[in-house]
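Values below: all heavy atoms of this structure, side chains included; hydrogens, waters and symmetry mates excluded. Chain letters run A, B, ... following the sequence lines, proteins first, then strands; residues in each count from 1.
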Number of protein chains: 2
Amino acid sequence: MTKLGCPMNLAEHTELERALGERLATSGFRFTSQRRHVYDALLQTLDHPTADDVFMRTKRQMPDISHATVYNCLAALVHCGLVRQVQLQRGATRYCPNMERHCHYCCDECGTIFDVTMPAETPTMPSPKGFQVDHYEIAVHGLCANCAGLRKK
Amino acid sequence: MTKLGCPMNLAEHTELERALGERLATSGFRFTSQRRHVYDALLQTLDHPTADDVFMRTKRQMPDISHATVYNCLAALVHCGLVRQVQLQRGATRYCPNMERHCHYCCDECGTIFDVTMPAETPTMPSPKGFQVDHYEIAVHGLCANCAGLRKK
DNA sequence: TCAATAATTGGAATTATTCTAAATAAGGCC
DNA sequence: GGCCTTATTTAGAATAATTCCAATTATTGA
């Protein structure tokens, strides 16, 4: 990963790799180079890609990777808490390696998704009796500045 | 619609029908019996059905309705603001005719979705510059009481 | 190094949705 | 009420997204 355009230096990368291996192991997954490359692909462009986007990006570094493996890797990453799965519109699921507290602004016209870091308020909502909360997903739908502008004309 | 199990009497039904026709017209849609039956199916069981669920339910009253029509009707209802489209997990889109301010508690084990009415607080979040907000979607993922109990064993 | 088993692979299968072109039905107008 | 225009419906084909499968390969622990 010393390719042009890679936003990490070697030391950072090795560290990330170690952390990834650890996380995978904790959830009972093995460390494989496919999983590393898939995770890399996610970290390099933070644009909420679909599984197919990730497949195509990973293929550049690893031409023999298969579709099924990308799905498997993504599932593993989601399972061990390194990646969030986002389902904002009908169609392909999107993946987000930003694990900070944030919500998604989704432009229903062009499909762009913006991450917005959220204030750490605790919105005390009354859960259904006995419901065990795992995580929240807050999505704001509408039009991005660009699409809103175009529509006025 | 005087069938057994129909939770509305004739007067209420006629009123709903009138309101539906009006709503459709406002958005430039025609009133069709397919749209009425699809809307009825949604109102009769408030369980966030998929398009296919709605198709099967509507088919009981209207055996010749087609799959494509159900999709068309649902799209029309969503467009004119009578139905919300919910995308909580990978898989089929779900439909919700509850237009009150509420959020969704989603059991990731069994897929059940609970509506929880929300306090009318305005969470002032910083939108991306120029973003034109249309609506919010708040989802809480986790395990319902039943599934949480089963998992402990 | 070896054995056990988890992961990967390519392709087939499945599921969810959209598209298409012909037939039908709604709504406005006379 | 009948006619015209045009939206809607229909069945089935097409597409998109994801999962399944059985054989091969790779990882991990002993």
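At a non-hydrogen distance threshold of 4.0 Å, Arg90(A) from residues 76-91 of chain A come into contact with DNA chain C.
Computed from coordinates, the His67(B) NE2 to dT14(C) C1' distance equals 14 Å when rounded to whole Å. Rounded to a whole Å, the CG atom of Asp53(A) is 9 Å from the P atom of dA17(D). Distance, Leu74(B) CG to dT18(C) C1': 14 Å, rounded to whole Å. If you take CZ of Arg36(A) and P of dT8(C), they are 13 Å apart, rounded to a whole angstrom. Spacing between atom CD1 of Ile65(A) and atom C1' of dA7(C) amounts to 11 Å, rounded to whole angstrom units. The interatomic distance linking Phe55(A) (CZ) with dT18(D) (P) rounds to 13 Å, in whole Å. To the nearest angstrom, P of dT18(D) lies 10 Å from CZ of Arg94(A).
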Would you tabulate the pairs of protein nitrogen or oxygen atoms and nucleotide nitrogen or oxygen atoms of nucleotides 28-30 of chain C closer than 3.5 angstrom?
none

Please write out each protein N/O paired with an N/O of nucleotides 27-30 of chain D under 3.5 Å, distance rounded to 0.1 Å.
unit_1, atom_1, unit_2, atom_2, d
dT27(D), O2, Arg30(A), NH1, 2.9

Between protein and nucleotides 13-16 of chain D, what N or O pairs are separated by less than 3.5 Å?
none

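Residue pairs meeting the salt bridge (charged side-chain N to carboxylate O under 4.0 Å, His left out) criterion with at least one member in residues 130-144 of chain A, sequence neighbours excluded, are Arg84(A)-Glu137(A). Sorted pairs that involve residues 63-80 of chain A and meet salt bridge (charged side-chain N to carboxylate O under 4.0 Å, His left out), not counting sequence neighbours, are lacking altogether. A salt bridge (charged side-chain N to carboxylate O under 4.0 Å, His left out) check over residues 24-33 of chain A, counting only residues at least two apart or in different chains, returns nothing.
A distance of 8.5 Å separates CG in Asn146(B) from OG1 in Thr112(B), rounded to the nearest 0.5 Å. Separation of atoms SG (Cys144(B)) and CD (Glu109(B)) is listed at 8.5 Å; rounding is to 0.5 Å.
Judged purely by distance below 3.5 Å, without hydrogens or angles, the side chains of Thr93(B) and Gln87(B) pair a donor atom with an acceptor atom.
Within the 4.0 Å cut-off from OP1 or OP2 of dT19(D), not a single side-chain nitrogen or oxygen of Tyr71(A) is found. Residue Ser66(A) places at least one side-chain N or O under 4.0 Å from the OP1 or OP2 atom of dT9(C). OP1 or OP2 of dA26(C) has not a single side-chain nitrogen or oxygen of Arg35(B) nearer than 4.0 Å.
Nearest-nucleotide assignment on DNA chain D puts the 5′-proximal partner with Asn72(B), out of Asp52(A) and Asn72(B). Checking Gly28(A) against Ala68(B), the closest nucleotide of DNA chain C that is more toward the 5' end is the one next to Gly28(A).
Residues satisfying the salt bridge (charged side-chain N to carboxylate O under 4.0 Å, His left out) test with Asp108(B), not counting sequence neighbours, are none. Qualifying side-chain hydrogen bond (donor to acceptor under 3.5 Å, both in side chains) partners for Thr50(B), counting only residues two or more places apart in sequence or in other chains: Asp53(B). With sequence neighbours excluded, the residues forming a salt bridge (charged side-chain N to carboxylate O under 4.0 Å, His left out) with Arg57(A) are Asp47(A), listed by chain and number.
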Derivation of the side chain to side chain contact (heavy atoms under 4.5 Å, CB included) call for Val133(B) and Ser127(B) = CA-CA 8 Å; Val133(B) 174; Ser127(B) 295; 4.0 Å; yes
For Val116(B) and Val140(B), run side chain to side chain contact (heavy atoms under 4.5 Å, CB included): C-alpha distance rounded to whole Å, both residues' side-chain angles, the deciding distance at 0.1 Å, then the answer.
-> CA-CA 10 Å; Val116(B) 172; Val140(B) 184; over 6 Å; no
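Aromatic ring pairs are classed by plane angle as parallel below 30°, tilted from 30° to 60° and perpendicular above 60°; the pair Phe55(A) and His67(A) is parallel. Ring geometry, His104(B) versus His48(B): the interplanar angle exceeds 60°, so the pair is classed perpendicular (tilted spans 30 to 60°).
Remark on the helix from dT1(C)-dA30(D) to dC30(C)-dG1(D): inter-end axis angle 40°, axes from five-pair C1' superpositions, rounded to 10°.
Contacts of Thr50(A) with the nucleic acid, taken as non-hydrogen atoms under 4.0 Å apart, are absent.
Residues Tyr136(B) and Leu88(A) do not share a hydrophobic cluster, clusters being chains of Ile/Leu/Val/Met/Phe/Trp/Tyr side chains in contact below 4.5 Å.
Nearest heavy atom pair, residue Cys107(A) against residue Leu143(A), reads SG-CA, 3.9 Å.
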Tabulate below the donor-acceptor pairs under 3.5 Å that side-chain atoms of residues 20-29 of chain B make, not counting sequence neighbours, or state none.
unit_1, atom_1, unit_2, atom_2, d
Glu22(B), OE1, Arg18(B), NH1, 2.7
Arg23(B), NH1, Cys80(B), O, 2.7
Thr26(B), OG1, Glu22(B), O, 2.8

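Thr69(B) places no side-chain N or O within donor-acceptor distance of the main-chain N or O of Ile65(B), the cut-off being under 3.5 Å.
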